[in-house]
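Please read the structure below before turning to the comments.
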Amino acid sequence: MSLTVRDSLAQAEQVLTQSGCTEPRANAEFLLAHLLHTSRTWLTAFGQEPLPADKQQAYERLVARHAAGEPLAYITGFQPFCNLEISVTPDVLIPRPETEELVEWAAHFFNPAAPLKILDLCTGSGCIALALAAQLPHACVTAADISLRALQVARHNAERLKLQEKITFIESNLWENVQGDFDMIVSNPPYIPSGDLPGLMREVQAEPALALDGGPDGLRLTRQIIRRAGRFTHAGSILGLELCQGQPAAVAALLNGLGWRATVKKDIFGIERFVLAQKI
Ligand code: GLN
């Protein structure tokens with residue numbers, strides 16, 4: 001006899017709770033809604049509906065993957081970001097809400113009607129480049145990453161979202177293959193200190209270390225970015241970086257010594273998270 005939607009959800013919630021998942025109910029609903037191409041509201045409203053056996057089996061497989069530590073976004077293949085559906089694979093970091101804030105700061109800095117040249121370093125899924133290209137109609141965006149696999153995901157996103165005309169993708173180890181003079185440079189570089197990686201949440205550990213590992217103090221790539229940013233910018237250009245707690249003040253101080261006027265911004269949780277700098 002087939003299970004009802006309600007019973008199936010209860011079973012999945014139990015499996016996820018036992019696995020140590022922090023939001024077992026919400027994630028159980030999210031996965032079933034994804035499988036059935038419906039909404040979580042529908043699941044609640046039609047909890048007494050029977051779940052066909054093939055769907056139940058497919059659902060159990062999805063729940064088992066999440067229980068084993070696979071992030072929801074890798075299971076569904078998508079993560080919402082700045083009103084866009086970003087396609088993700090285990091080759092890219094899953095876009096985070098704090099990075100949406102970086103996009104907001106960056107997008108509102110210049111007149112949206114201006115023909116801007118923007119560079120996104122360490123683009124990963126392309127989320128920042130895509131969101132800026134979508135929000136700034138006259139922007140011409142260059143998106144760089146060291147990982148060819150990540151660039152494949154980013155290009156695929158640009159085509160899906162019909163933004164490919166506005167973004168040039170380049171394979172580049174930071175500045176290696178970058179050319180040009182940009183009005184704005186944005187980056188969410190890997191910034192986690194290497195020693196902290198083993199202690200990260202299990203789901204974060206499913207993400208590529210290449211996108212997380214910032215070297216001994218977390219700032220290895222950030223230092224390389226800020227040291228050479230001056231060569232690719234002009235007076236008035238903006239540099240926007242996402243970092244982690246404890247890093248922005250030090251990075252702002254370095255930038256102030258390199259011909260930039262830097263300010264630290266907090267994220268919505270009140271944590272110092274971003275550095276926004278303007279070239280003098
Ligand atoms: N924000 C990510 C995390 O907390 C880290 C992203 C990065 O290193 N750029 O896991």
Side-chain angles (χ1 to χ4, degrees), residues 20-23 27 66 69-75 78-82 86 88-106 119-132 143-147 149-151 153-154 157 172-175 185-226 229 239-252 254-255 264-277:
C21 172
T22 49
E23 291 179 278
N27 293 2
H66 189 46
E70 194 171 344
L72 292 176
Y74 290 159
I75 297 175
F78 284 96
Q79 177 71 14
F81 182 83
C82 291
I86 304 290
V88 293
T89 72
D91 289 314
V92 298
L93 190 82
I94 298 165
R96 307 281 204 272
E98 50 269 34
T99 311
E100 293 181 323
E101 291 185 65
L102 176 63
V103 170
E104 293 313 312
W105 287 114
L119 171 67
D120 174 18
L121 280 179
C122 310
T123 196
S125 65
C127 61
I128 299 177
L130 294 157
L132 288 174
D145 205 284
I146 191 174
S147 160
R149 285 165 179 262
L151 285 169
V153 175
N157 273 317
S172 182
N173 179 2
L174 297 177
W175 299 108
I185 297 175
V186 277
S187 183
N188 172 19
Y191 54 62
I192 309 279
S194 308
D196 292 353
L197 292 176
L200 294 176
M201 280 163 44
R202 195 170 52 158
E203 284 186 31
V204 181
Q205 299 204 29
E207 296 182 87
L210 186 64
L212 295 165
D213 189 347
D217 66 351
L219 292 177
R220 189 173 64 82
L221 289 92
T222 301
R223 269 190 295 270
Q224 294 180 50
I225 291 173
I226 65 177
L239 173 63
L241 297 168
E242 178 184 319
L243 297 164
C244 70
Q245 196 164 20
Q247 296 175 341
V251 171
L254 286 174
L255 277 165
V264 170
K265 301 271 181 206
K266 292 183 177 167
D267 65 18
I268 45 164
F269 304 107
I271 295 172
E272 290 192 346
R273 166 74 66 186
F274 311 104
V275 174
L276 283 191

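Heads up: numbering here begins at 1 and tracks the sequence. Just the heavy atoms: all of them, side chains too, but no hydrogens, waters or symmetry mates, feed the values below. All ligand and atom numbering here is 1-based and tracks the order in the structure.
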>> Please determine whether the number of non-hydrogen atoms from other residues, nucleotides or ligands lying under 6.0 Å from atom CZ of Arg149 exceeds 12.
In response: no
>> Counting only heavy atoms from other residues, nucleotides and ligands, does the tally under 6.0 Å from CH2 of Trp105 exceed 12?
In response: no
> Between Arg96 and Asp267, is the closest basic N to carboxylate O distance under 4.0 Å?
Replying inline: no
>> If you define the side chain from C-beta out and look only at heavy atoms, does anything of Glu242 sit under 4.5 Å from Tyr191?
In response: yes
> Is a side-chain donor-acceptor pair under 3.5 Å present for Asp145 with Thr123?
Replying inline: no
> Does a side chain donor of either Glu203 or Tyr74 reach within less than 3.5 Å of an acceptor in the other side chain?
Replying inline: no
> Under a 4.0 Å heavy-atom cut-off, which residues neighbour ligand 1?
Replying inline: Leu93, Arg96, Glu98, Asn188, Pro189, Pro190, Tyr191, Ile192, Val204, Ala211, Leu212, Glu242
